[in-house]
Amino acid sequence: MSRSSFDRAGLALMFSTIVVWAGSWIAMKLIVPYIGPFDFVALRYVVGSLVLFAMAIVTRRPLGMPPWKLTLLIGLTQTAGFQGFVQTALVSGGVGKVSLMAYTMPFWVVLFAWWLLGERPSIRHGLGIGLAAIGLVCFVEPWNGLGDIRPVLLGLGSGLCWGIGTVLSKRMFERHAPDVMTFTAWQMLFGGLVMVPVAYLVPQITAQWGWQLWTGMTYIVLIATAAGWLLWLQVVRRVPASIAGLSSLGVPVVAMLLAWVVLSERPSMGELGGMVLILAGIFVVSRAAPAARSS
């Protein structure tokens, strides 16, 4: 296989992954009327983890649990916290708005890596965060009144949780080097199980298991979670990390376009301008040199 065809195949896989993950945002919004947000999170990740464990058995990967305390923390943040905030935000917020706020994760990673890992951000990191901050103001449009700011704050909370989980995952891989699939399955299982008592204790709508919910959950669990994860592994293997990392730009853009077509969520000019600035900030941060460790 030539280098050019090799790269084209990798880029095609990356685009497929972006479309699959962007589609999951539409599916998550469509099932909001049929299942409570905490029931959804618990079900998605408990079942999703079982699918990954089955895949690990088929591919003969090790099933041993990584260090449980760090795995639990990652499950609490990157799975339970992230998805809990996202699904609650989607109850009243649009797909484009919530997905873009969730994908502010790279900025939170920079800040928490500075605090927890001693990785001092560069001027370029600061520039990217500054662009995103201006974009966030344009996106919220406070000069027109804040309106329903709750989905924006919940979306930012999901990005924050994802950022913490990413930094903790980096520590896990640096110190313990677990198998990626097995580690993902365990942290997803922890995150899903943690949400089970929350789902029972917090009032929410009763799940309505019609074709709409079955179809949405099938797509989210089997395609977006399991197949999407396998696609992403292939992307990481074929495409340089600097390019693969730019998928964080593609998912919210495609999700917003799909929401425009499928859900008639038409963004305002202020939201479009804010989106461009936030995505520019993500691009700058993703292309910045790795932060230097503090001595």
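Just so it is clear, the values below take in all heavy atoms, side chains as well, and ignore hydrogens, waters and symmetry mates.
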- Query: Do the ring planes of W25 and Y103 sit parallel (below 30°), tilted (30 to 60°) or perpendicular (above 60°)?
  - Reply: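 If you compare the ring of W25 with that of Y103, the planes turn out tilted.
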- Over 60° means perpendicular and under 30° means parallel, so classify the ring planes of F173 and F183, tilted if in between.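 F183 vs F173 ring planes: perpendicular.
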Check whether any side-chain N or O of [X] sits under 3.5 Å from a backbone N or O of [Y] as a donor-acceptor pair, and report yes or no.
X    : Y    : answer
T225 : L222 : no
S24  : A224 : no
T79  : L76  : no
W186 : L72  : no
Q87  : F40  : no

- Message: Among residues at least two apart in sequence or on other chains, which ones pass salt bridge (Lys or Arg N to Asp or Glu O under 4.0 Å) with K29?
- Response: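 Result, salt bridge (Lys or Arg N to Asp or Glu O under 4.0 Å) vs K29: none returned.
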- Message: Run Y45 and F190 through ring pair (Phe, Tyr, Trp, His ring centres under 6.0 Å) and show every step you take.
- Response: CA-CA 9 Å; Y45 286 110; F190 278 144; over 10 Å; no
With side chains defined as the heavy atoms from C-beta onward, is the minimum distance between [X] and [Y] less than 4.5 Å?
X    : Y    : value
P66  : H176 : no
L30  : Q212 : no
M172 : P178 : yes
F38  : T88  : yes
T215 : Y219 : no
I129 : L111 : yes
V46  : M195 : no
K170 : V167 : no

Inter-residue atom distance [X].[atom1] - [Y].[atom2], 0.5 Å rounding:
X    : Y    : atom1 : atom2 : result
D39  : L213 : CG    : CG    : 9.5 Å
C161 : L156 : SG    : CG    : 11.0 Å
E265 : I26  : CD    : CD1   : 7.0 Å
M256 : L263 : CE    : CG    : 12.0 Å
T77  : Q187 : OG1   : CD    : 8.0 Å
S158 : L90  : OG    : CG    : 9.0 Å

Following the transitive rule for hydrophobic clusters with a side-chain heavy-atom cut-off under 4.5 Å over Ile, Leu, Val, Met, Phe, Trp and Tyr, establish whether [X] and [Y] coincide in one cluster.
X    : Y    : result
M269 : L257 : yes
L70  : M181 : yes
V41  : V32  : yes
W214 : I205 : no
F85  : L153 : no

Considering all heavy atoms of both residues, which atom of [X] and which atom of [Y] are nearest to each other, and what is their separation?
X    : Y    : result
I220 : M28  : CD1-CG, 3.8 Å
A185 : L52  : CB-CB, 3.7 Å
A255 : V95  : O-CG1, 3.9 Å
T104 : G159 : OG1-CA, 4.3 Å
L279 : P252 : CD2-CG, 4.1 Å
P151 : S92  : CG-OG, 3.5 Å

- Query: For T206 and I35, what are the C-alpha separation, side-chain angles and deciding distance, and is it a side chain to side chain contact (heavy atoms under 4.5 Å, CB included)?
  - Reply: CA-CA 6 Å; T206 302; I35 189 171; over 6 Å; no
- Task: Please assess W162 against W108 for the test ring pair (Phe, Tyr, Trp, His ring centres under 6.0 Å), listing each intermediate value before the final yes or no.
- Result: CA-CA 8 Å; W162 192 355; W108 298 113; over 10 Å; no
- Task: Could you check V251 against S99 for side chain to side chain contact (heavy atoms under 4.5 Å, CB included), going step by step and ending with a plain yes or no?
- Result: CA-CA 8 Å; V251 175; S99 64; over 6 Å; no
- In the hydrophobic clustering (ILVMFWY, side-chain contacts below 4.5 Å, transitive), which residues join F15, or is it alone?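 So far as hydrophobic clustering goes, F15 is joined with V19.
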- Give a yes or no on this: more than 12 heavy atoms of other residues, nucleotides or ligands lie within 6.0 Å of atom CH2 of W209.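 More than 12 heavy atoms, drawn from other residues, nucleotides or ligands, come within 6.0 Å of this atom.
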